[in-house]
Amino acid sequence: MKKVEFTAAPVSSSVMPIVFDSSLCVGCGRCASVCQVDILLPDAGKGNHPLVMYPGECYYCGSCVMACPVEGAIRLRHPLMNQTRFVEIEK
Amino acid sequence: MEYVWPYANEMDREEQLFADVLVLGGGMAGCYAAIAAARRGKQVILVEKGATVRSGAAGSGFDHWESACTNPCSKVTAEEIANAYIHEQDGYSNGIAHYIECEEGWHRLKDMEAFGGKIRDTEGEFAGADFRDEKTGLLFAYDYENKFTIRVWGSTFKPALYKELQRQGVTVCDRTEATALLVKEEEGKKRGIGALGMDVHTGKFKIFTARTTVLAMSRPARVWLFDADQVGLCEFRPTQSIGSGHAMGYRAGMEFTMMEKSVQGEFSAAGRSFPPYSTGNNHNTWYAATMVDARGVEIPYVDRDGRELKTVRERYYPAKGQKFFLKGGVIDNPKYEYRGPETLAFDELMRRGYQLPFYADLSKMPEEERRVIWGMMVGEEGKTKIPVLQNLTRRGFDPVRHRLQSYGTGWQSAAFLPQERQLFGAPGGIFHDWNLETNIAGIYAAGDQLYASDCCGFAAATGYYAGRKAAASCGRYTLETPEREEILREKERLYAPLFVEEGMDWRELNKAIAKAMQNYCGGVKNDMLLRQGLELLDSYETDFVPRLACRNPHELMRTHEVLDILTVSRLILQACLLRKSSSAPLCFARSDYPETDPTKDDCFITIWQEAGEIRSRRVPKDYYGDVKSGYEAHNQDYREEAASYEKG
């Protein structure tokens, strides 16, 4: 089989499900290795957080957050339209 | 900005692997299948497209295990519940698989506990609660009288299974998509000899040769519902679970049934609905939450006779004179016999002056009922621990102080159009015998690949069962060398989009298929529409599939998925053409054959491909016979193992 060079560029999506805090991330890559949809790509720089290459494919399962060793280094958030409303119970 | 692909480029490489038992799919069913075969001393390979430690619909968790009828607290038998499911679904049910689930589900939970998963309240977190058995620490859901649905800490399950796979020496091939079954003709009968696949990081081609194979690759999705912007929210199950196992099977000549069944959409968080279990409701995870209307007035629960229930406790017990009730995954509007407590019907609420929007109000429930819904169930159910429980808590939601909104008129918080359909509520799948063996000798099926499948307990129980049957028949088969020509054909098919420049993105084709299926296979079907739909999909195959283009193995995997969605869509259209009448239990309406459920069509209609032709046969709905005696006749070799699970 003839070889073709592989390239990648982030595929745009109207939502950004996953946000990293670079000051907290230790770059262990656990989030990328558990993601069953494989939307994160390791970044070449040592200690950098992975790149969210395919944000639209996120299944919002939260496994990346569960695998993260540092509280707050990775945040998962549902799109604005899916933020359920709640109200105070009047006494 | 372009990035360098971070993984090696191995598209010019091939790897050949050999196994006694090859398991395709590493979700609940696949993991249990692999463990069953490994326990019997077999060399096992498990192939998983994602990462087994968290993959599949139960990857990040699940909160209740249905039909565990042999648990020590259960007051029902496997036979009672399996037959109730069959009756509830008017016989369009999988009696074999449901009986296996009812009989062996508890065994798989005991296995899970031994692997390190949490199945009981060991810390006494819910001590004294009505749903807790004080002796065993087991927590029950739905019917507290009969105790056959168990609340579990499902977020601990996949990591525990993964550890056990490694302990048992199973070769786990993560990030590997299975793309084709290898089948050989022997004396006019087909036999499975392995599978082909590709590493979705490096592009390496893989050839798996095996004595027997278990297919456990979920069910089709993204057939009618597709959102190119939020692909991962289109459907209920994971992004990559789109029915590749069905497509591979259909291409190889596998027999399916009930593929004409589809239901009006229930979940698509990319549009009409919210993420499952993230809104106020009173179903499944949230059963039996207190609901209130816009004014804060409590919505009454009634028993099957319409008698208003006065206490929260009564919502969890059968009606007077009723042995048990059914609730859960595939149970929507059950027959009187199995109907449990439910809130008043929406129309009746409107008549009585209740006002929208409704809310779930857990503050009105006993403390332990509130805590078990918000904190355990919402938390352990898949996709709830972080995206629902943690996020809503961060936003300030407190179930004692707040009400969580429900949208629209029902528990799904959405109203879909008739043409927005899904394979949900015990849909069609692979037809099989009492060994869960398919019509292709040596290939077994489990979990969501089986027809009329439902929940996680079903996946685990049928997975283990298929694994042990595949192990038992290993000795009958030798390892075969696949035809080189077949391998080359598959390689050409798989890699083609990498060589296309300025081509079409896979999303465009998926969107086109979904729109075609909405137009030609919607709420009302007829021969003309179905045939035109097939013609359109044929033209996509000939004219547009060759134009698909991508840049790396990840995008190639997504492209392959759409090719599988195209195959499955044709399977569905062909299956619809075969049933020349309408059917209520199959949610199947035809304008050219409006007669509903006539006796002549009161059967399973199966479908498979042979030499490029569509073949079909009619099978009585009770082809598997009496479930209890059928099970016993085929599982004498499991009796000793079964007995070891029967204590506590």
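Because the structure is a prediction, the values reported are computed rather than measured. Residue numbering restarts at 1 for every chain, and letters A, B, ... go by the order of the sequence lines.
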Close side-chain approach of [X] to [Y], heavy-atom, < 4.5 Å:
X: B/Lys385; Y: B/Ser60; answer: no
X: B/Glu15; Y: B/Glu10; answer: no
X: B/Arg395; Y: B/His402; answer: no

With chain A as the partner, which of [options] has the greatest number of non-hydrogen pairs under 4.5 Å?
options: B/Phe397, B/Tyr407, B/Tyr359, B/Phe205; answer: B/Phe397
options: B/Ser155, B/Ser278, B/Pro238, B/Ser55; answer: B/Pro238
options: B/Val200, B/Leu233, B/Val400, B/Val388; answer: B/Leu233
options: B/Cys550, B/Ser406, B/Gly56, B/Ser413; answer: B/Gly56
options: B/Met11, B/Glu555, B/His554, B/His201; answer: B/His554
options: B/Val231, B/Thr279, B/Asp12; answer: B/Asp12

Is it true that a side-chain atom of [X] and a backbone atom of [Y] form a donor plus acceptor pair closer than 3.5 Å?
X: A/Lys3; Y: B/Asn9; value: yes
X: B/Thr176; Y: B/Asp174; value: yes
X: B/Arg54; Y: A/Gly62; value: no
X: B/Glu561; Y: B/Ser244; value: no
X: B/Lys383; Y: B/Phe236; value: yes
X: B/Asn391; Y: A/Leu76; value: yes
X: B/Lys158; Y: B/Thr52; value: yes

(message) Once you measure the plane-to-plane angle for B/Phe62 and B/Phe157, does it fall in the parallel (<30°), tilted (30-60°) or perpendicular (>60°) bin?
(response)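 The arrangement is perpendicular - the two ring planes meet at more than 60°.
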(request) Find the distance between CG (B/Leu362) and CH2 (B/Trp286) and round it off to the nearest 0.5 Å. (result)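 So the CG of B/Leu362 and the CH2 of B/Trp286 are separated by 5.0 Å.
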Would you mind checking which part of [X] comes under 4.5 Å of any heavy atom in chain A, side chain (CB onward), backbone (N, CA, C, O), both or neither?
X: B/Pro6; value: side chain
X: B/Phe274; value: both
X: B/Ala270; value: backbone
X: B/Tyr495; value: side chain
X: B/Ser273; value: backbone
X: B/Tyr162; value: neither
X: B/Val292; value: neither
X: B/Arg13; value: neither
X: B/Asp229; value: both
X: B/Lys491; value: both
X: B/Tyr7; value: side chain

Choice from [options] maximising heavy atom contacts with chain B below 4.5 Å:
options: A/Cys58, A/Pro17, A/Ala67; answer: A/Cys58
options: A/Gln83, A/Met53, A/Arg77; answer: A/Gln83
options: A/Asp43, A/Val11, A/Ile39; answer: A/Val11

(request) Could you tell me whether B/Glu177 and B/Arg558 have a side-chain N and a carboxylate O separated by less than 4.0 Å? (result)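 Salt bridge between B/Glu177 and B/Arg558, a charged N being under 4.0 Å from a carboxylate O: no.
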(request) Please determine if B/Arg403 and A/Glu90 form a salt bridge, counting it only when a charged side-chain N lies under 4.0 Å from a carboxylate O. (result)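 The answer is yes: the pair qualifies as a salt bridge.
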(request) Using heavy atoms and a sub-4.5 Å threshold, report which of residues 18-25 of chain A line up against chain B, by residue number. (result)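 Residues in range: none.
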(request) Please report the closest heavy-atom contact between B/Gly296 and B/Lys364, naming both atoms and the distance. (result)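 Smallest interatomic distance, heavy atoms only, reads O-CE, 4.2 Å.
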(message) To check you understand the geometry: which heavy-atom pair defines the closest contact between B/Glu381 and B/Thr285, and what is its length?
(response)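 Closest pair (atom of B/Glu381, atom of B/Thr285, distance): CG-OG1, 3.6 Å.
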(message) Under 4.5 Å from any heavy atom of chain B, what part of A/Glu5 do you find: side chain, backbone, both or neither?
(response)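 Interface part for A/Glu5: backbone (N, CA, C, O).
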(request) Sort A/Pro55 into side chain, backbone, both or neither according to what part of it lies under 4.5 angstrom from a heavy atom of chain B. (result)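 The answer is neither part of A/Pro55.
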(message) Can you tell me which residue among B/Asp227, B/Thr239, B/Asn510 is in a side-chain hydrogen bond (donor to acceptor under 3.5 Å, both in side chains) with B/Arg222?
(response)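 The side-chain hydrogen bond (donor to acceptor under 3.5 Å, both in side chains) with B/Arg222 is passed solely by B/Asn510 among B/Asp227, B/Thr239, B/Asn510.
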